[in-house]
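Reviewing the structure listed below.
Proteins get letters first, then strands, A, B, ... in listed order; numbering begins at 1 in each.
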4 protein chains.
Amino acid sequence: MWLSVDPRSPKPVYQQVVEGVKEAVARGLVACGDRLPPVRELATTMTLNHNTVARAYQELERERVIEVVRGRGTFIAASGPRPDREDRVRALTAGMREMLVEAHHLQMSDDDLLALFRATVDAWRRERGLVGS
Amino acid sequence: MWLSVDPRSPKPVYQQVVEGVKEAVARGLVACGDRLPPVRELATTMTLNHNTVARAYQELERERVIEVVRGRGTFIAASGPRPDREDRVRALTAGMREMLVEAHHLQMSDDDLLALFRATVDAWRRERGLVGS
Amino acid sequence: MWLSVDPRSPKPVYQQVVEGVKEAVARGLVACGDRLPPVRELATTMTLNHNTVARAYQELERERVIEVVRGRGTFIAASGPRPDREDRVRALTAGMREMLVEAHHLQMSDDDLLALFRATVDAWRRERGLVGS
Amino acid sequence: MWLSVDPRSPKPVYQQVVEGVKEAVARGLVACGDRLPPVRELATTMTLNHNTVARAYQELERERVIEVVRGRGTFIAASGPRPDREDRVRALTAGMREMLVEAHHLQMSDDDLLALFRATVDAWRRERGLVGS
DNA sequence: GTGGTCTAGACCACC
DNA sequence: GTGGTCTAGACCACC
């Protein structure tokens, strides 16, 4: 299974599920049209309550990552434009600024951070590449 | 004042204070040896509960960003190596991976994200430059 | 075919069928006496469960939009007065009030909403007009 | 209290709470900055579970109708632009088209419906007017 | 005190 | 079988 959750993390469990699914999509582990496990089945598999999984699925549907087909199941949606795209790009930039602050306190220069970012992107690409091959 | 807090933000107030101080340091607005306002004074100025400010100062001390000198006050610490540096760099990398996932769902390519990162670094440098001049 | 259904819609499928038939009547695409396809045939055509179609037909019969003649088939009914007319007009008014609330939150004035309503009626009339010509 | 819920309604309870608050805002019964009752207090008052009220508040926050101030309470937000405005206006238009279909089956002409709409807007305005006087 | 999260278990509509 | 809703009751972070 391409999904795991750490109950000790400060991050809410339902949100870890949300991010796990989004990461699987971004990695190409699941693709448009693929079926997700039923709420209660995933709950059992991951020893979570079905409400927790249901909440994650609802959030994913709201973000248009998945589509719920009544009585039949839940599927990965086609990717499309988001109405709140600008807000989210702004949040991305804000996150980058926080990283610059953090880097300073770790005595990394801006260029060190940029290098780390490039390295992380490369590692990400290599991992994705493994999927396709 | 180089510090501000948004009570409506989902980010805990004490953490906003922590990050605000760390950002001021990174920007060069305050430097090693500068004195911070006493807990109660800062609390009054920013209309916060003094417990909130105290908690922020404790966290900043734990991170060795500030030093509390009993009976004298609180001061910006000299920057030095951190014992938990590796953990924090790992956290930074994890954050970058989250950004890659988010970018995918905003239909930005890895290169788009890298470009945004470079642009953000440049903007940050320009702002810092203004301080020094 | 003048009927289509979106399985991903939050609206129940059987209700989409009900509304689809009622819309076709309102548009003049089908008229009193026209025959509807048998339940199983419509189910096959639209790749729906026959139970779903049957439920829609039952609802349409209850609303006296269609008439089921045993052994002969299903037909569009003559329009006539409804016993529950008052309830349904009340429901219509309630829906309009909900629209007024929604409009407020979209920063549309009552007059904006009225204008939108008028435009929608005009568009509807134009579409109907195309049918008659 | 300007809020009530019908447990027999097919509409989910949490959604009735959401709409109740939005209606109160649209009616001017509550205004920007007003405090809402705490989750558990409202739950007790309305004999609902606190989870149900919490869910309603979360939905209202997501729609930017209210703002949650950590540890202090929940307040009516200033009205501002919504990122999903277009989608919602489209939904409004779709609702109007459904009303046109329904009107046909109630043997109301388009003009009858328009008149009903105008009357409903007028009634709404009169009710709002009472608040200010 | 304030809202947020989670499990447990029941019930429901829809397909 | 499928997801959605609700109550009950516990625990938690934050202010």
Checking only heavy atoms, does the side chain of Asn51(D) share a donor-acceptor pair with the base of dG3(E) at less than 3.5 Å?
-> no
Any Lys/Arg nitrogen of Glu98(B) or Lys11(A) sitting under 4.0 Å from an Asp/Glu carboxylate oxygen of the other?
-> yes
Thr52(A) vs dT7(E): side-chain N/O to OP1/OP2 distance below 4.0 Å | yes
For dC15(E), take OP1 and OP2 only and decide whether either is under 4.0 Å from a side-chain N or O of Tyr14(C).
-> no
Using whole Å, report how far CZ of Phe75(A) lies from C1' of dC15(E).
-> 12 Å
Most 5' of Asn49(D) and Pro38(A) on DNA chain F, judged by nearest nucleotide | Pro38(A)
Base, sugar-phosphate, or nothing for Leu48(D), non-hydrogen atoms under 4.0 angstrom?
-> sugar-phosphate
For the pair made of CZ in Arg8(B) and P in dT2(E), what is the distance, rounded to whole Å?
-> 20 Å
Scanning both residues in full, the closest heavy-atom pair of Arg82(D) with Ser79(D) reads NH2-CA, 4.2 Å
5'-most contact on DNA chain E: Leu36(D) or Thr47(A), nearest heavy atom basis?
-> Leu36(D)
Distance in angstrom units between Leu60(A) CG and dG3(F) P, rounded | 13 Å
For dC14(E), which nucleotide is its Watson-Crick or G-U wobble mate, given both distances must be under 3.5 Å?
-> dG1(F)
Using a 4.0 Å heavy-atom cut-off across all strands, classify Arg40(A) as base, sugar-phosphate, or nothing.
-> base
Does Arg55(D) put a side-chain nitrogen or oxygen below 4.0 Å from OP1 or OP2 of dT5(F)?
-> yes
Got a sec: does the CZ of Arg85(B) have more than 12 other heavy atoms crowding it under 6.0 Å?
-> yes
Take the protein atom CD of Gln16(C) and the nucleotide atom P of dA13(E), then report the distance between them rounded to whole Å.
-> 19 Å
Could you tell me whether the side chain of Asp34(D) and the main chain of Ala31(D) form a donor-acceptor pair under 3.5 Å?
-> yes
d(CD, Glu59(C); C1', dA13(E)) in whole Å | 14 Å
Please state how far atom NE2 in His50(B) lies from atom P in dC15(F), giving the value in whole angstrom units.
-> 14 Å
Applying the side chain to side chain contact (heavy atoms under 4.5 Å, CB included) test to Glu63(C), which of Ile66(C), Val65(C), Leu60(C) qualifies?
-> Val65(C)
With DNA chain F as reference, determine whether Lys11(D) or Val39(A) sits nearer its 5' end, using the nearest nucleotide of each.
-> Val39(A)
Answer with base, sugar-phosphate or nothing: what part of the nucleic acid does Val13(A) contact at a heavy-atom distance below 4.0 Å?
-> sugar-phosphate
Give a yes or no answer on whether the side chain of Gln16(C) reaches the backbone of Asp6(C) with a donor-acceptor pair at less than 3.5 Å.
-> yes
Is the shortest side-chain N/O distance from Gln58(A) to OP1 or OP2 of dG3(F) below 4.0 Å?
-> no
Under 4.0 Å between a side-chain N/O of Thr74(D) and OP1 or OP2 of dG3(E), yes or no?
-> yes
By nearest nucleotide on DNA chain E, pick out whichever of Arg70(D) and Pro12(A) is the more 5' one.
-> Arg70(D)
What is the distance from CD of Glu61(A) to C1' of dT2(F), rounded to the nearest Å?
-> 13 Å
Tell me: CD of Gln15(A) to C1' of dA13(F), nearest whole Å?
-> 15 Å
